[in-house]
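A short worksheet on the structure shown next.
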Amino acid sequence: MNPYQISYLIYLVQYIIVIPIGYWLSTVERASLPEKTVLDEIRVEEPKIENVIVAYANDCEEDFMKEMMSENDLNVLYCNNNSNNELCKEKIRDILQDHSLSDEKVDEALRREIPSSDTIAMFVHLSSTKKTKTTTTMGRYRHGWIQSSCDRTQDVKLELNNLMRNENHRFPGLDLSYRLTFSLVTERPERDHIHSWNFQELKREYIDPFLIGIQDVAHVEVRSREMYHIEITSSTNQRNVLKLSDLEGFLGMHDWDFGIKLKENRQKQFHFILYVPERTRRPLLLEKSGAHAFLIPEWGGVSILNEAVTTNHTIMRDHMGTFLFQLRELLGISAQDSSLNDDDKNLRKFAPGVGISTWESDWIRRNQVRVLIENIKRTLKSSINLMEGMSHMNVPAHVSKKMHRSIDLLLNGVKEVKENDNLTRGLFLLRQAMSVANEVYYDHDTVPQEYFVEEHLAAVYLPLLLPLLLPLIVAGWSNFL
């Protein structure tokens with residue numbers, strides 16, 4: 001074999017090797033994807049919670065029955081006509097009409113009298129001798145009570161509609177992680193002598209019981225701070241009246257978290273501000289509505305401290321109770337039409353140290369299971385559809401492993417809920433599955449390679465290789481044939 005033939009063979013081998021190597025280097029990694037049919041088979045039925053309204057209506061029971069006649073889907077037990085029922089006891093009537101008992105004592109006394117059951121019981125006591133506002137108290141356990149008078153049956157009906165249908169409204173679900181910031185903002189601290197608000201004690205009494213009730217559902221981080229010499233100016237001629245546009249001053253305060261980084265990029269934040277205006281501006285109220293507390297959707301809540309005695313711990317507790325209701329509303333736990341404000345007709349509150357009732361906690365956890373399963377399936381299907389629809393997208397092996405791991409966690413979580421009825425363990429696994437599914441969805445390695453599709457490969461390599469192909473064929477013909 002002469003040197004020309006050897007050189008030709010070397011050139012030919014290089015030509016043959018370079019083409020597949022170049023193509024291999026230009027292609028994307030495509031690991032295996034799970035089947036979407038596996039996700040379609042995963043279902044959990046929506047929770048259904050039974051409830052009963054126990055009415056001690058005294059002399060106005062017939063009027064209350066007529067008022068509630070149109071609410072056929074509400075299970076109302078009238079104790080004047082059902083005295084033999086285990087929820088209709090003279091002892092319960094005595095507890096409800098004993099105004100000397102604190103809410104905490106009423107809560108515990110009712111628990112001792114109510115038979116153990118998964119049914120939610122809402123007691124209604126209507127006084128025929130005393131006119132009073134409608135007061136609703138949520139207990140620590142699976143019950144609550146409404147105190148009112150016979151002339152307010154319409155108010156009681158509306159309140160029952162809000163409360164007893166609360167567990168039936170579509171729960172939006174909670175995020176995996178939240179950060180709550182509570183701020184004491186004082187306009188003139190040297191005049192009001194407010195330098196601290198003993199936040200940890202207030203948190204233990206009002207916020208912690210609520211967080212314990214949702215700890216299986218979401219991780220919540222709480223922090224507090226005090227800020228001084230900050231004035232929310234009024235754009236009106238009156239210094240003690242705020243317009244809606246003036247509330248933007250509160251929105252800007254959360255930008256002052258210098259050096260604070262979120263633990264997660266998707267950690268949701270809510271801000272709560274207790275604002276102490278200068279004494280000469282009190283009471284500082286919102287224009288038209290006259291409210292001193294207001295909710296800012298998707299941001300948080302504000303409560304203005306207008307009381308003359310600003311160092312009283314009881315006053316601070318009242319404002320923390322307002323923040324608790326605002327937080328519940330922001331998380332979608334309260335029904336949309338529920339009232340958060342104390343007015344001349346209705347007041348809704350919790351027994352001390354409650355924050356969330358047992359039945360609400362159960363309802364939240366069971367609904368969160370449904371919400372997490374839907375979100376996990378939706379997120380994984382979106383990722384699979386995106387990767388299948390874009391053949392030039394990288395699907396690295398670690399992304400494929402995460403998708404399969406998320407599905408395994410999802411299946412195990414559903415098994416714990418359906419077969420073992422273990423909501424705590426099931427929610428733990430489902431939250432992990434959601435976190436892994438989010439990691440897949442936001443993975444930086446799953447990026448379409450825009451310049452490596454077949455059209456671009458042909459545009460780059462054919463102008464280089466085709467002109468060399470004809471000389472290669474002619475040289476081979478002349479040297480070997």
Side-chain angles (χ1 to χ4, degrees), residues 17-46 170 172-178 217-219 262-268 367-418 425-462 464-465:
I17 292 175
V18 165
I19 292 176
I21 290 178
Y23 184 81
W24 176 73
L25 292 174
S26 304
T27 54
V28 294
E29 183 180 359
R30 299 286 294 181
S32 62
L33 297 175
E35 294 290 336
K36 289 184 289 186
T37 54
V38 178
L39 298 172
D40 294 330
E41 296 171 357
I42 301 174
R43 290 186 179 86
V44 171
E45 295 181 1
E46 289 201 32
R170 188 76 172 176
L174 302 183
D175 287 9
L176 297 181
S177 181
Y178 292 89
V217 179
H219 169 74
L262 295 179
K263 289 184 177 180
E264 303 177 25
N265 291 332
R266 291 173 293 279
Q267 188 181 36
K268 198 163 188 177
N367 273 278
Q368 185 71 5
V369 167
R370 171 187 56 79
V371 171
L372 280 174
I373 291 173
E374 290 177 357
N375 290 342
I376 294 167
K377 290 168 61 176
R378 186 184 306 112
T379 303
L380 289 176
K381 281 184 176 180
S382 297
S383 299
I384 294 173
N385 289 335
L386 182 65
M387 294 173 187
E388 286 180 345
M390 305 183 76
S391 60
H392 54 291
M393 172 180 279
N394 272 325
V395 184
H398 72 271
V399 171
S400 175
K401 289 180 181 178
K402 284 183 179 180
M403 296 184 79
H404 285 90
R405 180 167 177 263
S406 180
I407 292 176
D408 290 340
L409 289 169
L410 172 60
L411 293 171
N412 291 333
V414 171
K415 180 180 178 181
E416 290 291 340
V417 173
K418 295 178 70 173
R425 177 64 179 169
L427 280 167
F428 174 76
L429 294 172
L430 291 174
R431 287 170 62 188
Q432 281 191 316
M434 186 74 252
S435 180
V436 176
N438 283 333
E439 289 178 11
V440 171
Y441 190 80
Y442 293 102
D443 195 291
H444 297 297
D445 292 331
T446 54
V447 178
Q449 305 299 312
E450 297 180 1
Y451 299 103
F452 286 163
V453 294
E454 284 74 7
E455 293 84 354
H456 290 140
L457 288 174
V460 171
Y461 287 109
L462 290 182
L464 173 66
L465 298 177

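Just the heavy atoms: all of them, side chains too, but no hydrogens, waters or symmetry mates, feed the values below.
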### Task
Sequence neighbours left out, what passes side chain to side chain donor-acceptor pair (under 3.5 Å) with Arg405? Give chain and number order.
none
### Task
Output, in order, the C-alpha distance, side-chain angles, deciding distance and verdict of side chain to side chain contact (heavy atoms under 4.5 Å, CB included) for Ile384 and Met403.
CA-CA 9 Å; Ile384 294 173; Met403 296 184 79; 3.1 Å; yes
### Summary
To the nearest 0.5 Å, atom OH of Tyr178 lies from atom CD of Gln267 at 10.5 Å
What donor-acceptor contacts under 3.5 angstrom involve side-chain atoms of residues 406-414, with partners at least two apart or in another chain?
| from | atom 1 | to | atom 2 | distance (Å) |
| --- | --- | --- | --- | --- |
| Ser406 | OG | Ala433 | O | 3.0 |
| Asn412 | ND2 | Asp408 | O | 3.2 |

### Query
Could you give the distance from CD (Glu439) to OG (Ser383), rounded to the nearest 0.5 Å?
11.5 Å
### Task
Determine the sole option in Val369, Val371, Ile376, Asn375 for which the side-chain contact (heavy atoms from CB on, under 4.5 Å) test with Ile373 is passed.
Val369
### Summary
Residues Lys268 and Asp175: closest non-hydrogen pair is CD-OD2, 3.4 Å
### For the student: nearest non-hydrogen atoms of Ser400 and Ala31, plus distance
CB-CB, 3.6 Å
### Task
Any salt bridge (Lys or Arg N to Asp or Glu O under 4.0 Å) involving residues 380-396? Give me the pairs, sequence neighbours left out, ordered by first then second residue.
Lys36-Glu388, Asp40-Lys381
### Query
Under 4.5 Å between any side-chain heavy atoms of Leu430 and Gln368, yes or no?
no
### Query
Measuring from Leu39:CG to Arg378:CZ, what's the distance to the nearest 0.5 Å?
12.0 Å
### Task
Drop me the distance from Asp443's CG to Lys402's NZ, to the nearest 0.5 angstrom.
5.5 Å
### Message
Does any part of the side chain of Arg431, heavy atoms only, come nearer than 4.5 Å to the side chain of Ser435, both counted from C-beta?
### Response
no
### Task
Apply side chain to side chain donor-acceptor pair (under 3.5 Å) to Gln432 and list each qualifying residue two or more places apart in sequence or on a separate chain.
none
### Query
In chain order, what residues pass the side-chain contact (heavy atoms from CB on, under 4.5 Å) check against Glu35, with sequence neighbours excluded?
Thr37, Val38
### Message
Checking Thr379 now: which residues fulfil side-chain contact (heavy atoms from CB on, under 4.5 Å) with it, not counting sequence neighbours?
### Response
Met434, Ala437, Asn438, Tyr441
### Task
Answer yes or no: is there a side-chain heavy-atom contact under 4.5 Å between Met387 and Val440?
yes
